[in-house]
There are 2 protein chains.
Amino acid sequence: MIVEPGVARLAEAGADSGTDAAAESTVAGIAAAIGEPARARMLFCLMDGQARTSTELALVAGVSPSTASVHLQRLKAERLVKLFVQGKHRYYSLEGPAVASALESLSVLAGGAGRKFTSSTPNRLRAARTCYDHLAGALGVALNDRFQALGWLAVESAGAAYDLTVEGSQALAALGVDVAATRGLRRRFAPACLDWSERRPHLGGALGAALLQIALKKKWVTPDLDSRALAITAVGRREMLARLGLRV
Amino acid sequence: MIVEPGVARLAEAGADSGTDAAAESTVAGIAAAIGEPARARMLFCLMDGQARTSTELALVAGVSPSTASVHLQRLKAERLVKLFVQGKHRYYSLEGPAVASALESLSVLAGGAGRKFTSSTPNRLRAARTCYDHLAGALGVALNDRFQALGWLAVESAGAAYDLTVEGSQALAALGVDVAATRGLRRRFAPACLDWSERRPHLGGALGAALLQIALKKKWVTPDLDSRALAITAVGRREMLARLGLRV
DNA sequence: ATCATAATTTGATCCTAGGCGAATTGTGGC
DNA sequence: GCCACAATTCGCCTAGGATCAAATTATGAT
């Protein structure tokens, strides 16, 4: 019997750590940083896009301030959070939308992993929530669909992003969005973001963030106790039906 | 000075572990499972979609068979890999495309984390590679674009997936893809999969897998030593130019 | 200047999780 | 039935990491 060639190749690949082993090890580092319960709690708390101080994060993580501090150091070293200092307060927030996106995608796995799809009708998070700094959940997906149906939003760059049509720009301007300013920001304008509860994309990026700001300002939605969940107000229902033809 | 209401709410949210703390903890578990270097190496090795035995995986991970065995148990418990037994061999493979997708999204973070975009011209993996069981890299994205330009592929369901047009079905049938059988499989037909090196979507799912099979069968691409990398053959260049008008 | 508060650093403790070798189980070939 | 091989389980060791209390640094208020 002859030794299978495949095994020899595998051994070689294992010993050869020059190719993309570096990339793999960073992935392991990042995953390990997320993979500590206290740190995961902090990260998910930050997924609403707000910045929080280390003592606040110590509370949500359920650890002492000193412990939280080392955790945050680790997260910062892995570039999952960033720090900005204001006087004696030090605010931590997610490093960027990409981090929120990766956390969402791990949620997809976690959600799909629990095989009980039957009675596990989740909670109010399914209806409407924030994803980093924009709308997600059933409401986020519904808005996304509605905007496309109205011809306000067009699919761009092979499905990974959207762009506003002329009509869409006018319509959003009428809602109070400063489209030109939003477009001028140094982040992607309107990328598609996969929704873990709906398994379909919703609107993210600068435009998604601007939209959430408007919705909050007009009190269409209000943050729930758990800051990621959003409650749709009576005003919101009325306005979205009248302005968008969307029944929620 | 009054205590900020936000802090009280945060403490409450921390104590209240009923809402989505369960989801967070599973995410932590999954991330921790990925976050061990040896396990990460195994997972990335499996990203080509092949099933491998525990001894093979022990080799690539650089650990003893017994150690590899407990690692694989852990990965199976977290539903990241699945096991199928054939006689005295026990083959492990990724649990599903969703796992590959999550690993890919962590790669995005790891890639973006290294701020040296200058001299870090990566390796042959950028040109063409397998992502779980379909084509990725520059070639994967180029094919995706070309199919859309040819009117073979249409964007579906708000950008998260594609579907074949009538012309596309005929064209792929001419290439040797059994479109009807592919469509009948119990997995998503043609979802968009985000490419970490190109930062744009490529074609995944059942159709993406079928396409890779054809490309391998027709020897348009051949697996490199590192099994995730693919080399484009002379035949492949000629055929893709002639049949698709794609210069690679 | 002095004090109070926010946050980190230090030091010490504890314990989980990774590691391997040896023994055990399971399967196929003879 | 017996042996060879794959794979897992067991026992033991070690190290890294999570934790907190106490001390230290930094900043703002009085």
Side-chain angles (χ1 to χ4, degrees), chain A residues 1-4 6-7 10-11 14 24-25 28-43 46 51-78 80-93, chain B residues 1-4 6-7 10-11 14 24-25 28-43 46 51-78 80-93:
Chain A
M1 190 198 200
I2 297 177
V3 170
E4 306 156 78
V7 176
L10 287 170
E24 289 168 20
S25 71
I30 288 171
I34 303 172
E36 209 281 328
R39 285 195 293 257
R41 281 191 290 270
M42 291 181 179
L43 288 171
L46 291 173
R52 296 195 168 78
T53 63
S54 64
T55 31
E56 285 172 338
L57 291 169
L59 271 174
V60 301
V63 293
S64 76
S66 56
T67 303
S69 188
V70 322
H71 280 318
L72 287 165
Q73 252 178 281
R74 173 87 185 266
L75 291 176
K76 195 155 72 72
E78 298 285 358
L80 292 172
V81 303
K82 66 186 168 195
L83 166 66
F84 92 102
V85 182
Q86 195 176 51
K88 94 172 131 177
H89 291 277
R90 316 193 72 182
Y91 290 95
Y92 289 91
S93 61
Chain B
M1 190 200 202
I2 298 178
V3 169
E4 308 155 77
V7 176
L10 287 171
E24 289 167 21
S25 68
I30 288 170
I34 303 172
E36 210 281 328
R39 285 194 294 256
R41 281 192 289 270
M42 292 180 179
L43 288 171
L46 291 174
R52 295 196 169 77
T53 63
S54 65
T55 31
E56 285 172 338
L57 290 169
L59 272 174
V60 302
V63 293
S64 74
S66 56
T67 303
S69 186
V70 323
H71 280 319
L72 287 165
Q73 250 177 279
R74 174 86 187 268
L75 291 175
K76 195 155 72 73
E78 299 286 357
L80 292 172
V81 302
K82 65 185 167 195
L83 165 68
F84 93 101
V85 182
Q86 196 175 52
K88 91 173 132 176
H89 291 277
R90 316 192 72 181
Y91 290 95
Y92 289 91
S93 61

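Proteins come first, then strands; the chains are lettered A, B, ... in the order of their sequence lines, and each starts at number 1.
Taking CZ of A:R90 as the start and OG1 of A:T55 as the end, the distance is 12.0 Å to the nearest 0.5 Å. The CG atom of B:L59 sits 11.0 Å away from the OG atom of B:S64 when rounded to the nearest 0.5 Å. Between the CD atom in A:E56 and the CG atom in A:L46 there is a gap of 9.5 Å [rounded to 0.5 Å]. With values rounded to the nearest 0.5 angstrom, A:S54 atom OG is found 10.0 Å from A:H89 atom NE2. Separation of atoms CG (A:L43) and CG (A:L75) is listed at 5.0 Å; rounding is to 0.5 Å. Atom CG of A:L83 sits about 10.5 Å away from atom CD of A:Q73, to the nearest 0.5 Å.
Pairing each heavy atom of B:V81 with each of B:L72, the nearest pair is CG2-O, 4.1 Å. The two residues A:A28 and B:E36 have their closest heavy-atom pair at CB-C, 4.4 Å.
When rounded to the nearest whole Å, the span between CG of B:L72 and C1' of D:dT8 equals 11 Å. Between A:Q73 atom CD and C:dT8 atom C1' there is a gap of 8 Å when expressed in whole angstrom units. Between A:L57 atom CG and C:dT8 atom C1' the separation is 15 Å, expressed in whole Å. What separates NE2 of A:H89 from C1' of C:dA7 is a distance of 11 Å, to the nearest Å. As rounded to whole Å, 11 Å separates atom P of C:dA7 from atom CG of A:L59. Rounded to a whole Å, the CZ atom of B:F84 is 16 Å from the C1' atom of D:dA7. Per the geometry, CG belonging to A:L75 stands 14 Å off C1' belonging to D:dG17, to the nearest Å. The separation between A:K76 atom NZ and C:dA7 atom C1' is 13 Å, rounded to whole Å.
Consecutive Watson-Crick or G-U pairing (both distances under 3.5 Å) extending over three or more pairs maps onto DNA chain C as C:1-30 with D:1-30.
When atom types are taken as modelled, the side chain of B:R39 and the backbone of B:A32 share a donor-acceptor pair closer than 3.5 angstrom.
Backbone-only contact: B:Y92 has heavy atoms under 4.0 Å from sugar-phosphate atoms and none from a base.
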*Sequence-aligned protein contact record of nucleotides 15-29 of chain C, with B where the base is within under 4.0 Å of a protein heavy atom and S where only the sugar-phosphate is*: ---SSBBB----SS-
